[in-house]
J.: 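Questions regarding the structure given below will be posed in turn.
When a residue number appears, it is its place in the shown sequence, counting from 1.
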Amino acid sequence: MSDRDVLIGAFERAIREIPSVRNVRVARRVVHGATYEARMPDAADYLVIIDFEDLEGLETYLRHPAHEELGARFNDSLAGALVYDFEGVALEELRRLSSSTRGPGS
């Protein structure tokens with residue numbers, strides 16, 4: 001069995017066994033000639049989004065033994081990866097961010 005197969009098995013086990021996982025989405029990067037593509041780093045071929053109800057759900061996931069196994073397989077199978085945690089917010093949050101970064105008189 002390849003490292004990639006072992007990774008996929010560990011991922012499937014984690015999402016099946018960790019009750020705080022609400023949804024999982026996997027996306028493959030597409031390149032289609034948009035002008036912004038030339039300015040973006042070629043940093044990833046796939047994106048995985050794991051949804052949780054709240055921060056407590058994320059913390060439960062991170063402490064679960066199935067996640068520990070997934071992390072080990074992740075490191076064995078991939079040459080590189082970026083991992084971030086985000087909290088979903090309303091679109092209005094962007095407006096607040098925009099106004100807080102403007103200087104006086106903007």
Side-chain angles (χ1 to χ4, degrees):
M1 188 176 291
S2 73
D3 285 347
R4 179 81 37 117
D5 291 335
V6 173
L7 170 65
I8 292 168
F11 190 55
E12 290 172 333
R13 176 178 167 241
I15 61 177
R16 183 178 58 249
E17 292 183 9
I18 303 173
S20 62
V21 173
R22 295 292 174 249
N23 190 34
V24 176
R25 291 168 282 163
V26 177
R28 186 180 66 229
R29 182 175 183 215
V30 295
V31 177
H32 51 89
T35 56
Y36 57 80
E37 291 174 347
R39 296 187 312 265
M40 297 298 120
D42 188 13
D45 295 322
Y46 288 89
L47 169 71
V48 177
I49 299 173
I50 305 172
D51 294 326
F52 304 95
E53 195 68 37
D54 50 25
L55 182 58
E56 183 179 335
L58 169 62
E59 292 168 342
T60 297
Y61 169 80
L62 293 173
R63 289 189 305 266
H64 196 282
H67 174 263
E68 292 177 16
E69 174 67 16
L70 175 59
R73 301 293 70 82
F74 196 80
N75 292 329
D76 292 345
S77 302
L78 302 173
L82 303 171
V83 179
Y84 298 97
D85 298 319
F86 289 91
E87 179 180 22
V89 296
L91 186 57
E92 184 60 31
E93 186 73 19
L94 291 177
R95 188 175 315 280
R96 284 192 290 275
L97 175 64
S98 174
S99 64
S100 69
T101 59
R102 289 189 206 144
S106 298

J.: A44 and R29: which non-hydrogen atoms are nearest, and at how many Å?
T.: O-CD, 3.3 Å
J.: Is V30 linked to Y46 within one hydrophobic cluster, defined over Ile, Leu, Val, Met, Phe, Trp and Tyr using a side-chain heavy-atom separation of less than 4.5 Å?
T.: no
J.: Quick one: closest heavy-atom pair of L78 and A81, and the distance?
T.: CD1-CB, 4.5 Å
J.: Between atom CG of D51 and atom CZ of R22, what is the distance when rounded to the nearest 0.5 Å?
T.: 10.0 Å
J.: Any chance you could lay out the side chain to side chain contact (heavy atoms under 4.5 Å, CB included) test for R16 and V21, step after step, and finish with the verdict?
T.: CA-CA 8 Å; R16 183 178 58 249; V21 173; over 6 Å; no
J.: Could you tell me the separation between the CE atom of M40 and the OG1 atom of T35, rounded to the nearest 0.5 Å?
T.: 9.0 Å
J.: Go through the steps to decide whether D85 and L58 satisfy the test side chain to side chain contact (heavy atoms under 4.5 Å, CB included), and finish with yes or no.
T.: CA-CA 9 Å; D85 298 319; L58 169 62; 3.8 Å; yes
J.: Any idea which heavy atoms bring Y61 and I50 closest together, and the distance?
T.: OH-CD1, 3.4 Å
J.: Hey, what's the ring geometry for F86 with Y84, parallel, tilted or perpendicular (30° and 60° as the breaks)?
T.: tilted
J.: Indicate yes or no for a side-chain donor-acceptor contact from E37 to the backbone of H32 under 3.5 Å, with no hydrogens or angles considered.
T.: yes
J.: To the nearest 0.5 angstrom, please state how far the CG atom of L55 sits from the OG1 atom of T60.
T.: 9.5 Å
J.: Of the non-hydrogen atoms in E17 and A66, which two are nearest, and what is the gap between them?
T.: OE1-CB, 4.1 Å
J.: Going hydrophobic residue to hydrophobic residue with side-chain gaps under 4.5 angstrom, can you get from V48 over to L70?
T.: yes
J.: Checking S20 side chain against F52 main chain: does a donor-acceptor pair fall under 3.5 Å?
T.: no
J.: For E59, does the CD atom have more than 12 heavy-atom neighbours from other residues, nucleotides or ligands under 6.0 Å away?
T.: yes
J.: Other residues, nucleotides and ligands only: do more than 12 of their heavy atoms fall within 6.0 Å of CD on E92?
T.: yes
J.: Supply the atom-to-atom distance E69 CD to L7 CG, rounded to the nearest 0.5 angstrom.
T.: 10.0 Å
J.: Please answer: with hydrophobic residues joined when any side-chain heavy atoms are less than 4.5 Å apart, are L47 and V31 in the same cluster?
T.: no
J.: Would you kindly confirm whether L62 and F74 end up in one hydrophobic cluster when ILVMFWY residues are joined by side chain heavy atoms under 4.5 Å apart?
T.: yes
J.: Quick check: is I49 connected to F11 through a chain of hydrophobic side chains (ILVMFWY, heavy atoms under 4.5 Å apart)?
T.: no
J.: Begin with the C-alpha distance, continue with both residues' side-chain angles, and end with the deciding distance and a verdict on side chain to side chain contact (heavy atoms under 4.5 Å, CB included) for R63 and H67.
T.: CA-CA 7 Å; R63 289 189 305 266; H67 174 263; over 6 Å; no
J.: Just verifying a value: how many Å separate E93 CD and L91 CG, rounded to the nearest 0.5 Å?
T.: 10.0 Å
J.: Would the distance check show the side chain of R4 and the main-chain N or O of M1 forming a donor-acceptor pair, the cut-off being under 3.5 Å?
T.: no
